[in-house]
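Report on the following structure.
Small disclaimer: the values here were computed from a predicted structure and weren't measured. In what follows, every chain begins at residue 1, and chains take the letters A, B, ... in the order their sequences are listed.
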Number of protein chains: 2
Amino acid sequence: MNLRELSDLLGLSQTTVSRALNGYPEVKEATRKRVTEAAETHNYYPNTRAKSLATGRTMSIGHVIPLSSQHEMVNCVFSDFIAGAGEAYARQGYDMRVSVVDDSDEAKAYERLATTGKVDGVIVHGPLIDDERIPLLDRLGLPFVVHGRSSNCTAPYSWLDVNNRSAFRRATDFLLDLGHVRIGLVNGFEEMDFAMRRRDGYRAALEARGIAVDPMLTHAFEMTEPFGYAKTCEMLRSDDPPTAIIASSLIPALGVRRAVEERGLTIGKDVSIICFDDALSYLPNGTGSPIFTATRSSVRDAGRRCGEMLMDQIEDRTAGPVHELWEAELVVGGSTGPAPQR
Amino acid sequence: MNLRELSDLLGLSQTTVSRALNGYPEVKEATRKRVTEAAETHNYYPNTRAKSLATGRTMSIGHVIPLSSQHEMVNCVFSDFIAGAGEAYARQGYDMRVSVVDDSDEAKAYERLATTGKVDGVIVHGPLIDDERIPLLDRLGLPFVVHGRSSNCTAPYSWLDVNNRSAFRRATDFLLDLGHVRIGLVNGFEEMDFAMRRRDGYRAALEARGIAVDPMLTHAFEMTEPFGYAKTCEMLRSDDPPTAIIASSLIPALGVRRAVEERGLTIGKDVSIICFDDALSYLPNGTGSPIFTATRSSVRDAGRRCGEMLMDQIEDRTAGPVHELWEAELVVGGSTGPAPQR
DNA sequence: ATCATTTTCCAAAGCGCTTTGGATAATCTT
DNA sequence: AAGATTATCCAAAGCGCTTTGGAAAATGAT
């Protein structure tokens, strides 16, 4: 059942039927009612492809995910983000178009999305410190919202980020207050803006107390469980091991925990752990009281909000860039305690 | 730059340019070369919306994910699946359209996808035992592939599944061979087909040795870490606690581990653990030797293959349904050992 | 050289919708 | 009651592509 058939059936023109269905004012209420009822009973839904072509809008938002051998974009954190974003999209009749691309031609993928008109806008995931995607999208004129920020980027753009620096500064201060001095950092790749900022917060807290950053205690890599495990093993084996470790995500924190326990040490006593908790729905940091002391900010909420911001921008393209900086909350769980006496 | 502009520029008709670009035979090689080169230099890419309308194909595959308060579809396993599927799509020029819907109108969402022509086919995730989506999609005539199976479903359909029954039978046998008798099961929701089959494999192994299934030892719920933790605590507190626990995923297994260790028991000695390992990229079961003894099957590979099967089906709609049953591999890690002596 | 084929290209008709620019009918002024 | 407004509807022109049904040009057969 298409528009022509429906309008023939009703003895009306396609124009009128289309207008009735789309809520235009130049159609009598009685007619509108007749049309909507007929559409209902005959199960008419406008063809998306035709509608897209006519309106120039696709009602879909692109998410480009690079598939690289060395860095996994698609992970638990990502899936919670898209769950949130997807929820926001659904509420406004959008949906999400995910294209997986080889990371060598990620730029081309964005270009293609823009020139072929597949999407009305995109979300930029995992921005690097000086991310080239931002000027590119700016140039392409495709609306976008960055989840995170990109330092050194001069072009104006909309973003939503958690205050990673203050979160890690706060976590580090918390440990310092407990008397810890040897504090390890298990971070994500530091080309990524969020990881760089987290390291910076960590560094600032230490330096404020006159403690130098020990390169032996700071590690940056893909945030997997085995990475947390391996680096913790390495640090604990050293002559001057850390008494506390900060992990950039719950997942490597699980590895940290495994390494600590395997060594027969007790968490929160021999070694304290703080992690950044994205409040993943499938991997919650405990249900009642938190397992790990953590700085927490829901990535799902972030997804939801990024989606909203982007749709707003698409709907009103004249509006300027919007920024939101969220503070992470510090939740104290059982994984931290006073530094052990020497 | 659109087709008309490009053809005007070349002094050719749109027909010829279109044909040259799409590899049709009725165009001289020299002309084709001239056209492709012009397209290249002028950065011409056909408008997807127009192309879709003209061809009736969208080159995109739908994934419907119900958003429910009590059951999370979007999880780590899901994200690895779509990474695999997305990779397959990318290779053949498809991409993925994800729509998040309230679970109360999931059926309507599929109907809408079909009638509005948003996608060329869909992947059905997490089939229930008698899943109504299968007859629905069959009726709608929308190509689809089910990741998993749906028992009791009479309509023919394509699916790819791991042999959940044999995997859990094997895991249970492995523990029985080690002398375990009290074996706990931390399963997913048993309305879901895979969970039902897993339970069945577990039951069959026990019954083959004349051991009755103890309801105190079998639990089914959302497969989160806290669920694994809570149920393990509960079981370990009982008068006749299990000496081994089988978990339906690595994630609840982490909770199982936490509960066991928190009680001061040793994994692989006091309590053995086997889990189903989906070989998640972000949460691998160890790098070299596995952490948990596990039955393993890569959900990412499954995603890739489901995607391929679906695209094949879309390309040749006359082909009958295809089935693939994958056997999970048993990998022995450090989490299992002989049953402790009484 | 003539006719039949094949090769190469084109004009025009969709695909199913939205939207512009009227026309007609109904209502309001005076 | 005639002219001015307004409410209601319509025909037709896109949106940018593919594809059908020829036409013209080139090639082959006789």
In whole angstrom, what separates [X]'s [atom1] from [N]'s [atom2]?
X	N	atom1	atom2	answer
A/L3	D/dA12	CG	C1'	14 Å
A/L21	C/dG16	CG	C1'	14 Å
A/R4	D/dC10	CZ	P	15 Å
A/K28	C/dA25	NZ	P	13 Å
B/E29	C/dT8	CD	P	9 Å
B/E5	D/dG16	CD	P	8 Å
A/D8	D/dC9	CG	P	17 Å
B/E26	D/dG21	CD	P	14 Å

[N] phosphate, OP1 or OP2: any side-chain N/O from [X] under 4.0 angstrom?
X	N	value
A/N47	C/dC15	no
B/T55	D/dT18	no
A/Y44	C/dC17	yes
A/K51	C/dT18	yes
B/Y24	D/dT18	no
A/S13	D/dC10	yes

Heavy atoms from C-beta onward define the side chain here; which of [options] lies closest to that of [X]?
X	options	result
A/A50	D/dG16, D/dC9, C/dC17	C/dC17
B/L53	D/dT19, C/dC9, C/dC15	C/dC15
A/P46	D/dT18, D/dG16, C/dC17	C/dC17
A/T15	C/dC9, D/dA11, C/dC17	D/dA11
A/R19	C/dC10, D/dC10, C/dC17	D/dC10

ask   = Under 4.0 Å between a Lys/Arg side-chain N and an Asp/Glu carboxylate O for B/R57 and B/E315?
value = yes

key: Salt-bridge contact A/R304-A/E308 (side-chain N to carboxylate O under 4.0 Å)   = no

May I ask you to say what [X] touches in the nucleic acid, namely base, sugar-phosphate or nothing, with a heavy-atom cut-off under 4.0 Å?
X	result
A/R49	nothing
B/T31	sugar-phosphate
A/G117	nothing

message = Using side-chain heavy atoms (C-beta onward) and a distance below 4.5 Å, is A/Q313 in contact with A/V322?
response = no

query = Mapping B/L12 and B/A54 to their closest nucleotides on DNA chain C, which lands nearer the 5' end?
reply = B/L12

ask   = Hey, is CD on B/E132 packed in by over 12 heavy atoms from elsewhere, all under 6.0 Å?
value = no

ask   = Where does the angle between the aromatic ring planes of A/Y94 and A/Y89 fall among parallel (under 30°), tilted (30 to 60°) and perpendicular (over 60°)?
value = tilted

Distance-only donor-acceptor check, side chains A/D193 and A/S150, under 3.5 Å = no

